[in-house]
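Worksheet: the structure to be examined is printed underneath.
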Amino acid sequence: MKRRAPSDKSTTDEECDDSDEIAQNQDQDDNSSQATLSESDLAPAEGGGDHSGSGINNSTIKTALIPLNSPSLNQLATSLGLLITHSDIDVNDVIVKSECLPNKHKQQHAHPSVCHHWLRDSAAAGRILPIALYVLDDYNPNNSEDGSDDLPPNPQSKNACFRIHPLNSPNEHLVHALRILKQDRVARDERWNALAYSRAAAMVKSFPHRIRSKDDIRLQLSYDSNDTVHTKNIGEKKIRAKIEEYLNYGRISEAETIQNSASHKLYNALCSIQGIGPRRAYELSRTGASSLGELVERGSITQEDVTLAQHLELGIPRTEVSSIAGVVMENARTLLPHPTHAICGGYRRGKSESNDIDILITHHGYTLQQMNEFLANLARRLQDMGFLTKLMRQLSLSDGHSDKHDYQSTLLGVVASSSKYGTTDSAQVTFRRVDIIVCHPHSFHLEVLAWTGSVMYERDLRAFVKRRNLKLNASCVYDEHTNNEVDLSGIRSERHLLAFLHLPWIAPENRNCD
DNA sequence: CGCTGGCAAACA
DNA sequence: TGTTTG
DNA sequence: ACAGCG
């Protein structure tokens, strides 16, 4: 999820393999098939049981999986005072499917297994909890029973979250020109004009065919009662005039002028530096300086910042995104057994090159404090091994006194990516932006939705749910007036969540609105 | 014509 | 508080 | 020098 992309060259399409998008329990240890749970394993999640203070370690949970048909499942349940009936387990809700497991464990897990946290939490609650809550890897966007509730997309909607925005538009030049104009309005601090150009660009991007004439636009238009043409987000006066200029002359002169101006180039370069946004970039770009180097000499910016920016501007190939995520998860698993994770951001939207790497991690049965501690330990571990070279900002740890589910902690950092860590490029080290987010399992699908983007998709998503008096952030949905949190524990997938919010299912690869 | 336009949280 | 960030 | 809606 990247906000700022002044020279946003759209990347070429590539087959989107989502097999590694959601991964769970990928490296089972050899004990995992034995359903042997100690007393402490089954202590309620809250309070940390008898391993209080020691934080998270490997012995906290020895066994993650219990085969569904094993006698030990019922034995365990009975010993906990629980009686599992047939209706308690929906086969479709089963936790680990055999294809998710590494080969060496295929045999042992030939039949579906359940996550023992389900039993433990049920014991704590004194009743069998819905097992769907413990299923996180249970969705496949393209073939899901959850799809039965899908609403159809609406190409004419003014909201981007109702439309299809593929990675590559047949009108890429026009979209690019509109984005130049948007950039310019941002630079001039004309916020609402800039927003209008963003929306117009997104609208054009949702057109499935190349626009050659006004009639081509007509095909996408909504018709009012008089059957007069009107495309949402493209007003009758200003922006339409620009598009008509483009149709007539193949360019928008204002955009050309802006793009060729030296100050705009400097402005863009400044914007790509961490900590410099539109405001400072605008101020610095009109101090008379003509290059970044000059500004470094004056001491306005540091060479270090400029060099880092040059690294971060380079796109990250998909293979490198997944191998960097692999390094992070490999280390995560030494601190937290069997985490569930998803790689979000541009990677999930199918971009062949990402700006950064967004990794979302969740886990059943861990408290807020434990997950915060896990993230802090992970940061330290990655720093110690020299992989994580910089923290962009302090770990934002949610406060430990809230008993709500709306916790989320984020780590924004920079890693040194090299061949050692699976980079395609040899010897050379490249710095890459990485975001690691830990969240509560109840809000996992919501977090996936929020961290997948694009920015415009999120914006319109929130605008839409607001009309139904709901507020939505990355970790919870709540009523705007009563502030009551909406219970998301029954949400099985991102797709299910969108249906729940009365929104159409738009595949991640079609959320490339900006 | 007048109002809205996504949003929270961390820096400086 | 305004700016920057995801 | 934006656009939609009430």
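In what follows, chains are A, B, ... by sequence order, proteins preceding strands, each numbered from 1.
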*Under 6.0 Å from the CZ atom of A:Arg191, do we count more than 12 heavy atoms belonging to anything else shown?*
no
Report yes if at least one side-chain N or O of [X] is closer than 4.0 Å to OP1 or OP2 of [N]; otherwise report no.
X: A:Arg433; N: C:dG6; result: yes
X: A:Lys466; N: B:dG5; result: yes
X: A:Arg462; N: B:dC7; result: no

Could you give the [atom1]-to-[atom2] distance, from [X] to [N], as a whole number of Å?
X: A:Asp358; N: C:dT5; atom1: CG; atom2: P; result: 15 Å
X: A:Glu480; N: B:dT4; atom1: CD; atom2: C1'; result: 13 Å
X: A:Glu458; N: B:dG6; atom1: CD; atom2: P; result: 12 Å
X: A:Leu412; N: C:dT5; atom1: CG; atom2: P; result: 11 Å
X: A:Ile276; N: B:dA12; atom1: CD1; atom2: P; result: 12 Å
X: A:Tyr282; N: C:dT3; atom1: OH; atom2: P; result: 14 Å
X: A:Arg279; N: C:dT5; atom1: CZ; atom2: P; result: 15 Å
X: A:Ile436; N: C:dG6; atom1: CD1; atom2: P; result: 15 Å

*For A:Arg191, answer base if it contacts any base atom (sugar-phosphate contacts may also be present), sugar-phosphate if it contacts only those atoms, and nothing otherwise; contact means non-hydrogen atoms under 4.0 Å.*
nothing
*Give a yes-or-no answer on whether the side chains of A:Ser417 and A:Arg432 include a donor-acceptor pair shorter than 3.5 Å.*
no
*Using the C1' atoms only, state how far C:dT4 lies from B:dG6, rounded to an integer number of Å.*
16 Å
*With sequence neighbours excluded, tell me which residues meet side-chain contact (heavy atoms from CB on, under 4.5 Å) with A:Ala255.*
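Residues passing side-chain contact (heavy atoms from CB on, under 4.5 Å) with A:Ala255: A:Ala177, A:Ile180, A:Leu181, A:Ile252.
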_With sequence neighbours excluded, residues passing side-chain contact (heavy atoms from CB on, under 4.5 Å) with A:Asn510_ =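 side-chain contact (heavy atoms from CB on, under 4.5 Å) list for A:Asn510, sorted by chain: A:Ile164, A:Pro166, A:Ile506, A:Ala507.
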*Residues two or more places apart in sequence or in another chain: which of them pass ring pair (Phe, Tyr, Trp, His ring centres under 6.0 Å) with A:His311?*
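A:Phe431.
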*Return the set of residues passing ring pair (Phe, Tyr, Trp, His ring centres under 6.0 Å) with A:Phe162 (not counting sequence neighbours), or none when no residue passes.*
A:Phe464
_Sequence-distant partners of A:Tyr282, side-chain hydrogen bond (donor to acceptor under 3.5 Å, both in side chains), two or more places apart_ = A:Arg286
*Minimum-distance nucleotide (side-chain atoms of A:Arg459 versus C:dG6, B:dG6, C:dT4)*: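 Of the candidates, B:dG6 comes closest.
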Sub-3.5 Å pairs of nitrogen or oxygen atoms, protein against nucleotides 1-3 of chain D:
residue, atom, partner, partner atom, Å
D:dC2, OP1, A:Tyr197, OH, 2.5
D:dC2, OP2, A:Tyr197, OH, 3.3
D:dA3, OP1, A:Gly235, N, 3.2
D:dA3, OP1, A:Ile239, N, 3.0

